[in-house]
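Everything below concerns the one structure shown next.
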Amino acid sequence: MISPLIVGLYGLSKNKESISGYSVIKTEEAIKILSRAWKLGIRYIDTASTYGDGNSDLIIKKLRAEGFPFKLFSKIGLDVSSNKFNSNRGFLKNEILKLKSHHGKFLYSVLLHSPDTEFLSKDNCFSDFIDDVKS
C-alpha cells in the first residue's frame, strides 16, 4: 500500500526575494496549484510556521475558506535566526500551542525540525516533547 501523497509548502509559500530557495510565487498561484492537488486526491500538506515567513499559514487558511480542508504535517523546533534546532521546552511548547490555535482539527502530525543528537539522547527532553504534543 502506498502512503498518502503530501504536498510540501516550502516553495509554494515563498512570497519575497529575501527568503532563500525557489522563485517567488504569488499566493493566488499557490492556492490554484493546491486546489488542483486537492481535486486530484491529495489531502495532506507538509508545512512549518516559518515557511514564507508565515505565508504558509495564510495560504492554508485561504484554502480552508475556499473549501479545501487539507490535513497538516507541520514541523517545529527550527530557530530560523540561527538555523539550528531549539530544544528549549518553552519554545517547543509555544510552537505546539500556536499550531493548535491556527490549525486545530486539521493538524495531523507534528514533526521535529532537525533535532540535534543531544535533544534526542536525553530521556526527559524527548518524553517531555511527547507529553506536550499529546496534551
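From a predicted model like this one, the values you see are computed outputs, not experimental measurements.
Atoms CG and CD1, from Leu112 and Ile130 in turn, are 8.5 Å apart once rounded to the nearest 0.5 Å. The OG atom of Ser87 sits 7.0 Å away from atom NZ of Lys122, with the distance rounded to the nearest 0.5 Å. If you take OG on Ser109 and NZ on Lys71, they are separated by 12.0 Å, rounding to the nearest 0.5 Å. In this structure, CG on Asn88 lies 10.5 Å from CZ on Phe119, to the nearest 0.5 angstrom. In this structure, NZ on Lys61 lies 4.0 Å from NE2 on His102, to the nearest 0.5 angstrom. Summarising the geometry, atom CG belonging to Asp53 is positioned 11.0 Å from atom NZ belonging to Lys14; distances are rounded to the nearest 0.5 Å.
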| message | Working note: Phe68 + Leu34, criterion side-chain contact (heavy atoms from CB on, under 4.5 Å); need CA distance, chi angles, decisive distance, verdict. | response | CA-CA 9 Å; Phe68 303 105; Leu34 292 164; over 6 Å; no
| Glu95/Ser49 under side-chain contact (heavy atoms from CB on, under 4.5 Å): CA gap, chis, key distance, verdict | CA-CA 8 Å; Glu95 291 220 320; Ser49 61; 4.1 Å; yes
Table please: side-chain donor-acceptor pairs of residues 40-47 below 3.5 Å, with sequence neighbours left out.
from	atom 1	to	atom 2	distance (Å)
Arg43	NH1	Trp38	O	2.5
Asp46	OD1	Lys75	NZ	2.5
Asp46	OD2	Lys75	NZ	3.1
Thr47	OG1	Ser56	OG	3.1

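By the 4.5 Å heavy-atom criterion applied to side chains, Asn86 and Leu92 are not counted as neighbours. Considering only heavy atoms from C-beta on, Asn55 stays 4.5 Å or farther from Leu9 through its side chain. Side chains of Leu78 and Lys84 form no contact here, defined as non-hydrogen atoms less than 4.5 Å apart. Residues Val110 and Phe73 are not in side-chain contact: their nearest non-hydrogen atoms beyond the backbone lie 4.5 Å or more apart. The shortest distance between side-chain heavy atoms of Asp57 and Tyr51 does not fall below 4.5 Å. Contact annotation: the side chain of Phe129 never approaches that of Leu120 to less than 4.5 Å [non-hydrogen atoms, C-beta and beyond]. In this structure, the side chains of Leu107 and Ser74 come closer than 4.5 Å at one or more pairs of heavy atoms.
Phe85 and Ser114 make their closest contact through CB-O, 3.1 Å (heavy atoms, listed as atom of the first residue, atom of the second, distance).
Connection of Phe70 to Phe106 is not established within any shared hydrophobic cluster, with ILVMFWY side chains joined at heavy-atom distances below 4.5 Å, either directly or through further cluster members. Hydrophobic clustering (side-chain heavy atoms under 4.5 Å, transitive across Ile, Leu, Val, Met, Phe, Trp, Tyr) groups Ile25 together with Val7. Taken together through direct or relayed side-chain contacts under 4.5 Å among Ile, Leu, Val, Met, Phe, Trp and Tyr, Ile60 and Leu58 form parts of separate hydrophobic clusters. Using a 4.5 Å cut-off between side-chain heavy atoms of Ile, Leu, Val, Met, Phe, Trp and Tyr, with links allowed through other members, Leu72 and Leu5 fall into the same hydrophobic cluster. Note on Val133 and Leu111: separate hydrophobic clusters, where clusters join Ile, Leu, Val, Met, Phe, Trp and Tyr whose side-chain heavy atoms are under 4.5 Å apart, directly or indirectly.
For Ile31, the side-chain contact (heavy atoms from CB on, under 4.5 Å) partners two or more places apart in sequence, or in a different chain, are Thr27, Ser35, Ile59, Lys62, Leu63, Glu66.
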